[in-house]
Amino acid sequence: MAIERTLVLVKPDGVQRGLAGEVISRFERTGLRLTGIKLMQVSQDLATRHYAEHNGKPFYPGLISFITSSPVVAMVLEGPDAIKTVRKIMGVTKPAEAAPGTIRGDLAVDMGRNLVHGSANADDAAREVGLFFTDSELVRYKRSNEGWIVEGA
Ligand code: DAT
Ligand code: MG
């Protein structure tokens, strides 16, 4: 199990709906360690860099306008298989197909308002963490119970 870092966003709909705490809590309870967190307004420049892979798709203009419409909570989570674990907790992109028990499955109904972002793979995670956080915003620390969460930690 590789120790990974991944970028998570509570998107503008989550902040506006008062679900930031609920979303953060679901990730926190997995045991992944919170390494960075902040409320921020996503600029046009950051949005286009973050979603560069979707440039040209029909939903792209709506996606950029949505992600820049209101603040997001950005965080970095760290732990064994953090990228896959976060994606599992999020559920698939389309809320109607997201499993019950996932954030999107339980709390969303529309793909364009699906509450949460999580990096898709290791390359994206490294790129996205670097886009949203400076190195000094990422805090290195140990919890007193690491060994009860990760064997040998
Ligand atoms: P994910 O957020 O699950 O990684 P993605 O990277 O394919 O999904 O797309 C980014 C976001 O763009 C997604 O969370 C919601 C929006 N989106 C994707 N496909 C869409 C579609 N066909 N119609 C509307 N919005 C879409
Ligand atoms: Mg994606």
Side-chain angles (χ1 to χ4, degrees), residues 1-135 137-139 149-150:
M1 266 187 309
I3 301 293
E4 297 176 331
R5 272 183 181 170
T6 189
L7 179 83
V8 173
L9 302 176
V10 183
K11 292 179 179 178
D13 50 343
V15 175
Q16 287 284 340
R17 290 174 60 195
L19 292 172
E22 162 88 27
V23 170
I24 295 164
S25 178
R26 286 176 178 227
F27 291 119
E28 204 176 22
R29 285 179 351 221
T30 60
L32 290 175
R33 185 171 52 206
L34 194 55
T35 301
I37 186 165
K38 60 183 171 182
L39 180 79
M40 61 183 286
Q41 175 65 46
V42 175
S43 68
Q44 193 74 17
D45 179 61
L46 176 57
T48 54
R49 292 212 259 165
H50 175 63
Y51 280 131
E53 66 170 303
H54 297 302
N55 193 350
K57 296 181 185 171
F59 60 85
Y60 178 77
L63 180 61
I64 296 298
S65 116
F66 168 55
I67 204 72
T68 57
S69 64
S70 183
V72 303
V73 176
M75 52 194 145
V76 175
L77 294 171
E78 190 171 29
D81 284 322
I83 296 166
K84 203 192 286 182
T85 301
V86 161
R87 299 283 297 190
K88 176 195 66 181
I89 299 289
M90 286 165 55
V92 298
T93 310
K94 192 173 183 183
E97 290 168 9
T102 64
I103 292 166
R104 288 164 168 175
D106 289 350
L107 303 172
V109 291
D110 184 348
M111 187 147 53
R113 298 287 185 269
N114 63 6
L115 282 172
V116 66
H117 169 84
S119 306
N121 55 57
D123 285 349
D124 280 359
R127 186 178 59 82
E128 292 172 1
V129 168
L131 279 176
F132 280 82
F133 286 88
T134 63
D135 192 58
E137 289 175 319
L138 300 177
V139 183
I149 300 166
V150 179

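Basis for what follows: all heavy atoms, side chains included, without hydrogens, waters or symmetry-related copies. In each ligand, atom 1 is the first atom listed, and ligand 1 is the first ligand listed.
Partners of Phe59 under the ring-ring contact (aromatic ring centres under 6.0 Å, His included) rule, at least two apart in sequence or in another chain, are His54. For Arg17, there are no salt bridge (charged side-chain N to carboxylate O under 4.0 Å, His left out) partners at least two apart in sequence or on another chain.
Of the possible polar contacts, one joining the Lys38 side chain to the Phe132 backbone as a donor-acceptor pair under 3.5 Å is found. With Asp124 contributing its side chain and Ser119 its backbone, the two residues share no donor-acceptor pair below 3.5 Å.
Judged by the shortest distance from any of its heavy atoms, Lys57 lies outside the 4.0 Å radius around the atoms of ligand 1.
Here the heavy atom of the protein found nearest to atom 1 (P) of ligand 1 is Thr93 OG1, 3.6 Å. Looking only at protein heavy atoms, the nearest one to atom 11 (C) of ligand 1 is Leu63 CD1, 3.8 Å. Among all non-hydrogen protein atoms, the one lying nearest atom 24 (C) of ligand 1 is Phe59 CB, 3.6 Å. His54 NE2, 3.3 Å is the protein heavy atom nearest to atom 9 (O) of ligand 1.
Below 4.0 Å from some heavy atom of Asn114 lie the following atoms of ligand 1, by number and element: 13 (C), 14 (O), 15 (C).
Of the candidates Leu46, Val72, Thr48, Ile67 forms a side chain to side chain contact (heavy atoms under 4.5 Å, CB included) with just one, namely Val72.
Considering Met111, His117, Arg104, His50 only, the shortest heavy-atom separation from atom 2 (O) of ligand 1 involves Arg104.
For ligand 1, one of its N or O atoms has an N or O atom of Arg87 under 3.5 Å away.
Geometrically, Lys11 does not engage Phe66 in a cation-pi contact defined by less than 6.0 Å to the ring centre and at most 45° from the axis.
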